[in-house]
Amino acid sequence: MIFDIRNKVVLITGAASGIGAATARLAAERGAHVIATDLDGARMQGVAADCRCIGLTHDVTSQDDWDNAIAAAVHHYGRLDALVSNAGIVNYERIIDLDMARFRRLNQVHVEGSFIGLQKAVAQMRAQAGGKPATGSIVLTASVMANCAAPAISAYAAAKAAMANMARAVGVEVGRKGDMIRVNAVCPGPTRTPLLEGVMPAGAMSDPAHWTDVPLGAPQEPEDIAESILFLISEESSFMTATQMVVDGGWSLT
């Protein structure tokens, strides 16, 4: 086994499809205790049944839903070892066409959702430490768009940049408080998920000509990102914090 996550209690948001579902499946297969959540509760239950994990309906913009998700981890397993804040939405609109309601929704889901999750997870990890230095790992799913530019994606890019920098700032903060809670961001490039397929031209995902800007010549699979996330919550990355792991097949360098 490459990354040992056996018996870790892992809460994963946005887990009904794409990267979140792949992360939940791989984590459960490798012996983690998984609490998988999503706004789409019915779809989440299907994934949870496949993974043999706990599935919950969860609006990441709701503090009460965060409390319930973390309480479920503590109720079933006695603690929370890792959080994967993965819930997200996407919007491709040019700046002059994007109205404030859609802009605010992007920020509510990505920025506010991640912020609440960080607050709740750090508090739980400290509470369960019993006065000793707290341990744990938190991973935010940001994007290469946190550090790149492209047309018609300004709101999404701004939200993902906020997530990536929040991970760095909180990682530094909790480390300097004496805790060993690690906080990192994973920054995927174009990934074969329902979210991306929903905004791409029909057939583009499978067309090699569409991916000539990616040095490795294809979109990533959700499992590629899931493996990176599992590395970040494992002890094999025990001295990594406040950083951004870019996983994009070299796309952001072209």
Walk me through whether Ile19 and Ile229 qualify under side chain to side chain contact (heavy atoms under 4.5 Å, CB included). CA-CA 10 Å; Ile19 293 168; Ile229 291 170; 3.9 Å; yes

Between Leu80 and Phe115, is there shared hydrophobic-cluster membership here, with clusters defined by ILVMFWY side-chain heavy atoms closer than 4.5 Å? yes

Do Trp251 and Leu253 belong to the same hydrophobic cluster, where Ile, Leu, Val, Met, Phe, Trp and Tyr are linked whenever their side-chain heavy atoms lie under 4.5 Å apart, directly or via other members? no

Kindly write out the residues that satisfy side-chain contact (heavy atoms from CB on, under 4.5 Å) with Ala28, not counting sequence neighbours, or none if the list is empty. Val34, Cys51

Option among Leu83, Thr23, Val84 that satisfies the side-chain contact (heavy atoms from CB on, under 4.5 Å) test with Val10: Val84

So which atom in Tyr92 and which in Ile153 form the shortest heavy-atom distance, rounded to 0.1 Å? CE2-CD1, 3.4 Å

Same hydrophobic cluster for Met180 and Ile233, using side-chain heavy-atom links shorter than 4.5 Å among ILVMFWY? no

Please round to the nearest 0.5 Å and tell me the distance separating atom NE2 of His58 and atom CD1 of Ile35. 12.0 Å

Identify the two heavy atoms, one from Thr191 and one from Pro222, that lie closest to each other, and give their separation to 0.1 Å. CG2-N, 3.7 Å

Before you tell me yes or no, could you show the steps for Ile12 and Thr37 under side chain to side chain contact (heavy atoms under 4.5 Å, CB included), namely the whole-Å CA-CA distance, both residues' side-chain angles and the distance that decides it to 0.1 Å? CA-CA 6 Å; Ile12 305 168; Thr37 77; over 6 Å; no

When rounded to the nearest 0.5 angstrom, what is the spacing between CG in Leu98 and CZ in Phe103? 7.5 Å

In the structure I gave you, are the side-chain heavy atoms of Cys187 and Val247 within less than 4.5 Å of one another anywhere? no

Does Asp179 pair with Lys177 as a salt bridge, N-O distance under 4.0 Å? no

Salt bridge between Asp38 and Arg43, side-chain N to carboxylate O under 4.0 Å? no

All heavy atoms of Ala15 vs all of Ala36, minimum pair found to be CB-CB, 3.7 Å

Is the closest basic N to carboxylate O distance between Arg102 and Asp99 below 4.0 Å? yes

Please find the pair of heavy atoms, one from Gly55 and one from Gln45, that lie closest to each other, and give the distance. O-NE2, 2.7 Å

Steps toward side chain to side chain donor-acceptor pair (under 3.5 Å) verdict (Asn147, Gln244): CA-CA 10 Å; Asn147 300 300; Gln244 300 176 25; 2.7 Å; yes

When you measure from the side chain of His110 to the backbone N and O of Met163, does any donor-acceptor pair fall under 3.5 Å? no

Going by heavy atoms in the side chains, are Thr13 and Trp66 under 4.5 Å from each other? yes

Can a salt bridge be assigned to the pair Arg104 and Glu112 using a cut-off of 4.0 Å between side-chain N and carboxylate O? no

Determine yes or no for a side-chain-to-main-chain donor-acceptor pair under 3.5 angstrom, with Ser137 supplying the side chain and Ala82 the backbone. no

Would you say the side chain of Gln124 lies within less than 4.5 Å of the side chain of Val74, judging by non-hydrogen atoms? yes

When rounded to the nearest 0.5 Å, the distance separating CG of Leu140 from OG of Ser114 is 5.0 Å

Are the side chains of Asn68 and Leu56 in touch, meaning some heavy atoms are under 4.5 Å apart? no

Charged N to carboxylate O below 4.0 Å: is that the case for Glu29 and Arg52? no

Supply the atom-to-atom distance Ser238 OG to Leu232 CG, rounded to the nearest 0.5 angstrom. 11.5 Å

State, to 0.1 Å, how close Ala164 and Ala185 come at their nearest heavy-atom pair, and which atoms those are. CA-CB, 4.1 Å

Which label fits His33 and Tyr77: parallel for a plane angle under 30°, tilted from 30 to 60°, or perpendicular past 60°? parallel

What do the steps show when you test Asp4 against Glu235 for side chain to side chain contact (heavy atoms under 4.5 Å, CB included), and what is the final call? CA-CA 7 Å; Asp4 188 0; Glu235 296 309 308; over 6 Å; no

Min side-chain heavy-atom separation Phe231-Met240 under 4.5 Å: yes

Is the backbone N or O of Ala159 less than 3.5 Å from a side-chain atom of Asn107, with the two atoms forming a donor-acceptor pair by type? no

Could you give the distance from CG (Asp97) to CD1 (Ile95), rounded to the nearest 0.5 Å? 9.5 Å

Count the heavy atoms belonging to other residues, nucleotides or ligands that lie under 6.0 Å from NE2 of His76, then report whether that count exceeds 12. yes

With distance as the sole test, does Asn165 use its side chain to make a donor-acceptor pair with the main-chain N or O of Ala162 at under 3.5 Å? no

For residues Asp67 and Lys120, determine if any side-chain heavy atom of one lies less than 4.5 Å from a side-chain heavy atom of the other. yes

Rounded to the nearest 0.5 angstrom, the CD1-CE distance for Ile54 and Met44 is 11.0 Å

Met166 side chain reached by Leu118 side chain, heavy atoms, under 4.5 Å: yes

Is Val47 reachable from Leu230 through a run of I, L, V, M, F, W or Y residues, each pair having side-chain heavy atoms under 4.5 Å apart? no

For Ala121 and Ile138, the nearest pair of non-hydrogen atoms, with its separation, is CB-CD1, 3.9 Å

Do Ser237 and Arg182 have side chains that approach each other closer than 4.5 Å (heavy atoms only, starting at C-beta)? yes

Please confirm whether the backbone N or O of Gly14 pairs with a side-chain atom of Asn86, one donor and one acceptor, at under 3.5 Å? yes

Mind checking side-chain contact (heavy atoms from CB on, under 4.5 Å) for Asp59 and listing every partner two or more places apart, or none if nothing turns up? Leu39, Thr61, Ser62, Asp65

Met125 and Val172: same hydrophobic cluster, using ILVMFWY side-chain contacts below 4.5 Å? no

